[in-house]
Structures are given as structure tokens and as C-alpha cells.
Chemist: 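Have a look at this one.
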Amino acid sequence: MRRYGKHTDEDDIRSRPNRKGNRPRTHIRPKHEDAVEGMVLTVDRGRLTCLVDGRIVMAMKARELGRKAAVVGDRVAIIGDLTGKKDTLARIVRIEERTSVLRRTADDDDPYERVVVANADQLAIVTALADPEPRPRLIDRCLVAAFDAGLEPLLVMTKSDLVPPDTLLELYGDLDIPYVVTSREELENGKAVHRVREELDGRITAFIGHSGVGKTTLVNALVPEDRRRLTGHVNAVTGRGRHTTTSALALPLGDDDGWVIDTPGLRSFGLHHVDPSRVINAFPDLEPGTEGCPRACSHDEPDCALDQWVADGHADPARLYSLRRLLSTRERTDGD
């Protein structure tokens with residue numbers, strides 16, 4: 001039985017609606033040209049706290065970003081309610097190109113990379129000289145990750161009132177890494193803060209270190225109270241609100257003075273993601289000597305051209321030893 005006559009009108013035919021709505025599907029995404037740029041300050045259970053034109057704005061990731069996740073330090077494009085008022089929620093529609101990415105894995109056998117921070121210029125590796133004891137292999141791993149990411153490392157040694165820094169400085173002296181030594185008394189009177197601050201001005205610095213080394217205490221002393229108040233209810237340093245140090249937190253040093261990013265205390269630092277060929281870039285005195293190396297040279301094998309390069313007097317043997325110590329750190333445990 002024919003339902004319609006010979007001369008059916010298109011308006012008479014019922015079309016099956018789209019299950020997810022009547023809007024036609026398309027792969028063309030909006031450009032969001034009216035989006036405003038912001039900086040991600042912290043991430044907490046799918047909610048991202050962003051700084052937009054001096055205001056704190058809560059946002060969530062747009063579905064169109066797919067699996068791409070924004071992390072602390074990211075520059076993002078945001079639309080929606082940008083007033084920053086209570087119970088408002090904006091939407092992140094684009095993550096801008098990153099200038100640097102600091103990554104780590106849970107261990108050396110884990111292929112899953114975790115992005116620690118984005119767009120940092122410097123990595124401050126904080127270690128106590130005692131209570132707890134220094135962990136040189138963990139420091140080595142952080143250095144390798146910094147060199148791989150293109151970040152300049154800074155070694156910050158705390159609690160020098162308990163143990164002098166000489167032994168640790170001797171271990172890293174050949175790497176030419178800038179360092180700052182602090183004591184508890186100097187933290188209290190502000191002298192240590194002044195020395196550390198000189199290394200941070202105008203830069204975005206991520207602070208990293210295992211629990212108990214005084215990392216967050218140092219960040220607390222570095223960031224003035226009025227700047228900490230900027231982050232309001234998500235400030236881990238002041239202890240207000242429900243934010244905890246299970247996630248990174250970016251804090252401003254001052255107007256155009258730079259940023260510090262406090263990260264959670266480390267238990268391990270896997271280097272599965274690191275390409276050893278990029279670590280050599282942090283050794284400009286050794287890099288030219290790799291031209292004679294065999295393909296895919298690990299720089300720690302009998303045919304490595306660096307041995308002859310050093311023997312010919314082009315570089316200090318201690319520098320080659322330091323390079324190989326860092327490259328071999330994946331074969332060691334963090335507690336070594």
C-alpha cells in the first residue's frame with residue numbers, strides 16, 4: 001500500500017532526526033576568533049584555574065580538544081563567562097603552541113609520559129643537604145629531563161646549617177650548573193630569598209624535588225602575600241581552600257617579575273621518554289666531537305668518538321665523565 005501519492009511534496013516526507021539532535025553534523029570547527037588568552041595556574045579534577053586579564057577564571061576543556069589536555073603553564077584560548085564570579089565556568093577551546101614541555105614517566109619501563117609543566121624557562125632542583133639526605137641519582141634524572149626539555153637547570157640546596165654543601169658541589173661542579181645554598185636562618189631573615197630571587201626574575205621557573213626538602217617552604221617565602229592572594233581559593237602555598245600539592249601550582253613573583261611553579265614532591269623520575277641524543281646539546285664543548293661517532297651512538301661505548309675528542313685536548317675529561325654519568329642514570333635506581 002503506497003503511503004504517498006505520485007506527486008509527493010518534500011515537506012510531506014518525514015525525515016529521521018539525528019539521535020544527538022537535529023543540527024546537521026559537520027567536521028568544520030569554529031575558529032573562536034573572539035577567544036581571550038589566559039594562563040593555566042592549576043588543574044583540579046577536570047577544572048582548570050586560569051589567569052585572564054588579571055582575573056581568576058574557572059574553566060573546563062572543550063570537547064573539541066579531544067584527548068589533548070592543558071597543564072599548568074599552558075597558554076590557552078578561553079571563551080564564555082570570563083568575569084571570574086562565583087559559580088561561573090568558562091571553556092578552553094585551544095591550547096597555544098608550547099615553548100617547552102617538562103615530562104616524566106613513572107619509571108624507566110613505563111611508556112606513558114606525564115607532562116609536569118609547560119612553557120617553563122628554568123628548572124629549580126631543590127635538595128636538602130641533610131634531613132632528608134641528598135639523592136644524587138634523582139638530581140641526575142631531573143638534570144637529564146631538564147636538558148632534554150631545553151630548560152636551564154638551577155640547583156637549590158637547603159639546610160646548609162646542618163651539613164656544608166662542599167661534597168654535593170664537588171659532584172656537580174664540572175656541569176657548570178648555577179646553584180644557590182640556603183639555610184633555615186637565612187630563609188627566616190630573607191637573605192636566602194634574595195639570592196634565589198635573583199635567579200628567578202623575569203623567568204618561569206618550575207620547582208621540583210622530593211618530599212621534605214623544603215621546596216614549598218621556599219616558594220612560600222619567595223611569593224609575596226599579595227601575589228599569593230591572587231590565586232584565592234586554590235592556593236596550595238597559603239593552605240587555603242581544598243587545593244593540595246597533588247598538582248602543580250603557578251604563582252606570580254610580581255608584575256612582570258616572573259613566575260614560580262610549585263610541583264608535588266617526587267618519589268621517582270622515570271626517563272623512558274628521553275632521547276639520549278638531545279642530552280648532548282647541554283654539553284657544547286663535547287657536541288662537536290660527536291661528528292665522528294657511529295650511528296645511534298650512546299656516547300658510552302668503545303667506538304664513541306668523544307674519547308678521542310677529549311684525548312686530543314678539546315674538552316675536560318671530567319665533562320665527559322659527567323655526561324656519561326647522566327646518560328647512564330636510567331640504569332640506576334633513584335635511591336642509589
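Note that the structure is predicted; figures quoted are calculated from it, not measured.
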Chemist: Is Arg325 salt-bridged to Asp174, cutoff N-O under 4.0 Å?
Modeler: no
Chemist: How long is the gap from CG on Leu249 to CG on Leu41, to the nearest 0.5 Å?
Modeler: 7.0 Å
Chemist: If you define the side chain from C-beta out and look only at heavy atoms, does anything of Leu266 sit under 4.5 Å from Cys142?
Modeler: yes
Chemist: Are more than 12 heavy atoms from other residues, nucleotides or ligands located less than 6.0 Å from atom NE2 of His194?
Modeler: no
Chemist: Can you see which heavy atom on Ala59 is nearest to which on Ile92, and at what distance?
Modeler: CB-CG1, 3.9 Å
Chemist: How far apart are the closest heavy atoms of Gly289 and Ala305, and which atoms are they?
Modeler: O-CB, 3.4 Å
Chemist: Looking at Glu152, I want to see if its CD is surrounded by more than 12 non-hydrogen atoms of other residues, nucleotides or ligands under 6.0 Å.
Modeler: no
Chemist: Check the pair Arg103 / Asp148 against salt bridge (Lys or Arg N to Asp or Glu O under 4.0 Å), numbers first and verdict last.
Modeler: CA-CA 9 Å; Arg103 300 180 175 91; Asp148 180 71; 5.5 Å; no
Chemist: Is it true that, when you exclude Glu198 itself, more than 12 heavy atoms of the residues, nucleotides or ligands shown sit nearer than 6.0 Å to its CD?
Modeler: yes
Chemist: Which heavy atom of Thr42 sits nearest to which heavy atom of Val72, and what is that distance?
Modeler: CA-CG2, 3.6 Å
Chemist: Ignoring hydrogens, what is the shortest heavy-atom contact between Tyr172 and Pro136? Give both atom names and the distance.
Modeler: OH-O, 2.9 Å
Chemist: Rounded to the nearest 0.5 Å, how far does CG of Asp74 lie from CD of Glu97?
Modeler: 11.5 Å
Chemist: Taking all non-hydrogen atoms of both residues into account, name the closest pair between Arg319 and Ala282 and its distance.
Modeler: NH2-O, 4.1 Å
Chemist: Identify whether Leu171 and Val144 are in the same connected component of the hydrophobic contact network (ILVMFWY, side-chain heavy atoms under 4.5 Å).
Modeler: yes
Chemist: Within this structure, what is the CH2-CG distance for the pair Trp259 and Leu200, rounded to the nearest 0.5 Å?
Modeler: 14.0 Å
Chemist: Measure across Val180 and Arg195 and return the closest heavy-atom pair with its distance rounded to 0.1 Å.
Modeler: CG1-CB, 4.0 Å
Chemist: Taking Arg47 first and then Asp44, would you say they form a salt bridge - that is, a charged N and a carboxylate O separated by under 4.0 Å?
Modeler: no
Chemist: Is Leu169 reachable from Ile139 through a run of hydrophobic residues whose side-chain heavy atoms are each under 4.5 Å from the next?
Modeler: yes
Chemist: Is it the case that over 12 heavy atoms from other parts of the model lie below 6.0 angstrom from the CD atom of Glu185?
Modeler: no
Chemist: Considering only heavy atoms from C-beta outward, does the side chain of Val40 approach that of Val71 to under 4.5 Å?
Modeler: no
Chemist: Take Val223 and Asp262, measure what side-chain contact (heavy atoms from CB on, under 4.5 Å) needs, and give me the verdict at the end.
Modeler: CA-CA 11 Å; Val223 182; Asp262 188 19; over 6 Å; no
Chemist: Could you tell me whether Glu301 atom CD has more than 12 heavy atoms of other residues or ligands within 6.0 Å of it?
Modeler: yes
Chemist: Establish whether Ile204 and Val101 are linked, either directly or via other cluster members, by ILVMFWY side-chain heavy-atom contacts under 4.5 Å.
Modeler: no
Chemist: Walk me through whether Arg55 and Thr83 qualify under side-chain contact (heavy atoms from CB on, under 4.5 Å).
Modeler: CA-CA 8 Å; Arg55 299 186 306 276; Thr83 62; 5.5 Å; no
Chemist: Which value, rounded to the nearest 0.5 Å, describes the distance between Leu326 atom CG and Arg141 atom CZ?
Modeler: 11.5 Å
